[in-house]
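Position 1 is the first residue of the sequence; numbering continues from there. Just follow the structure's listing: the first ligand is 1, and inside any ligand the first atom is 1.
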Amino acid sequence: MNLTLKIWRQANAKAKGRFEIYHVENISPDTSFLEMLDILNEQLVRQAKDPVAVSKGCRGPVTFDHDCREGICGMCSLYINGRAHGPDEDITTCQLHMRKFKNGDTITIEPWRSKGFPVVKDLVVDRSAYDKILQAGGFISVNTGGVPDGNAIPIAKRDVDESMDAAACIGCGACAATCKNGSAMLFVAARVSSLAKLPQGKIEAAARAKAMVAKMDELGFGSCTNTQACQAECPKGISIAHIARLNREFLCARLAD
Ligand code: FES
């Protein structure tokens, strides 16, 4: 496949960014999207050693985030052709393959566009706001003792399933990046829900919901208006039903106050 890539380049957080056009050739449909970017970067590294290319404005390799390349870490935050993580469903960018595109396609690649995730360089954004929300309450601090025997604490199957579904969130930021309000509600809801459905997490549920929502507001994330864009683009298929649970937890906590 021969492709044209329209990629956002930005030298640093304060610099003005712009799209630049690149061409890659003979890309196998079995290549992953990040491998395709690796191939482009090898090309750009070679060009960066060529004084003629440098004099024509070659800026060296494109900076992008990745770590596990297995859909686990949530680092590969890219907007591809206007969609978080690209055109496939329920996958991260690192799980996307070039067979989803056609020979001759032009692919637009941007970083997350969200007030909560400022651009650091090129396609890399600062997602530490999610870490700060987690630090505000996304944990259990009561002493739960040693590892209990399996089934020592009976938990209804439905509660376990809902908790595990919520725990699938990898904190990639697609929810906030894709939301027109820049809301991080799906992320916060998944964390609150995964703990609130288990007996160990119930003890601090009220304080957790209040602290995490307060931190989300403080960091500039917007409000949820139920557009459901977050659910549509979440690579882990997290349901907005968890947002309803977060709202309930939050409301009950405020009423109890
Ligand atoms: S690189 Fe880890 S989820 Fe994509």
Side-chain angles (χ1 to χ4, degrees), residues 3 5-10 22 24 27-45 61-101 105 107-114 116-135 138 163-179 182 184-191 193-194 221 229-239 242:
L3 301 157
L5 307 175
K6 208 172 147 195
I7 301 182
W8 185 259
R9 301 299 308 258
Q10 185 171 334
Y22 301 96
V24 283
I27 301 293
S28 159
D30 296 328
T31 308
S32 78
F33 196 84
L34 295 188
E35 284 166 349
M36 183 276 295
L37 288 180
D38 290 338
I39 293 169
L40 168 71
N41 272 348
E42 280 168 15
Q43 211 170 284
L44 294 176
V45 166
V62 177
T63 309
F64 61 95
D65 247 344
H66 59 96
D67 190 359
C68 70
R69 296 201 177 199
E70 292 180 337
I72 298 168
C73 71
M75 296 284 285
C76 51
S77 45
L78 293 183
Y79 238 84
I80 301 163
N81 285 347
R83 289 192 62 185
H85 295 298
D88 214 344
E89 305 299 323
D90 294 339
I91 59 159
T92 53
T93 298
C94 58
Q95 295 172 302
L96 177 65
H97 282 79
M98 298 313 293
R99 49 183 166 269
K100 281 285 159 190
F101 301 91
D105 271 359
I107 306 174
T108 305
I109 310 168
E110 300 170 78
W112 282 168
R113 303 288 192 192
S114 181
F117 303 133
V119 174
V120 175
K121 186 177 180 187
D122 293 342
L123 302 174
V124 176
V125 297
D126 178 359
R127 291 184 302 113
S128 60
Y130 269 18
D131 297 333
K132 290 180 187 142
I133 295 174
L134 274 184
Q135 284 159 5
S163 173
M164 291 300 114
D165 286 349
C169 170
I170 54 173
C172 65
C175 47
T178 211
C179 173
M185 279 290 270
L186 193 65
F187 167 72
V188 175
R191 300 304 186 176
S193 213
S194 70
F221 290 100
C230 52
Q231 177 179 263
E233 296 293 36
C234 173
K236 297 297 168 184
I238 307 285
S239 162
H242 295 295

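Residue-and-atom listing of protein N/O/S atoms under 2.8 Å from atom 4 (Fe) of ligand 1, sorted by chain and number: C76 SG, C94 SG.
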Evaluation steps, side-chain contact (heavy atoms from CB on, under 4.5 Å), between Q231 and S239: CA-CA 6 Å; Q231 177 179 263; S239 162; 3.6 Å; yes
Stepwise side-chain hydrogen bond (donor to acceptor under 3.5 Å, both in side chains) check, H85 with T93: CA-CA 5 Å; H85 295 298; T93 298; 3.1 Å; yes
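Aromatic ring pairs are classed by plane angle as parallel below 30°, tilted from 30° to 60° and perpendicular above 60°; the pair F221 and Y130 is tilted.
Side-chain contact check for V62 versus L37: every heavy-atom pair is 4.5 Å or farther apart.
In this structure, K236 contributes its side chain and A167 its backbone to no donor-acceptor pair below 3.5 Å.
Identified under the side-chain hydrogen bond (donor to acceptor under 3.5 Å, both in side chains) test for residues 73-84, with sequence neighbours left out: Y79-T178, R83-E89, R83-E233.
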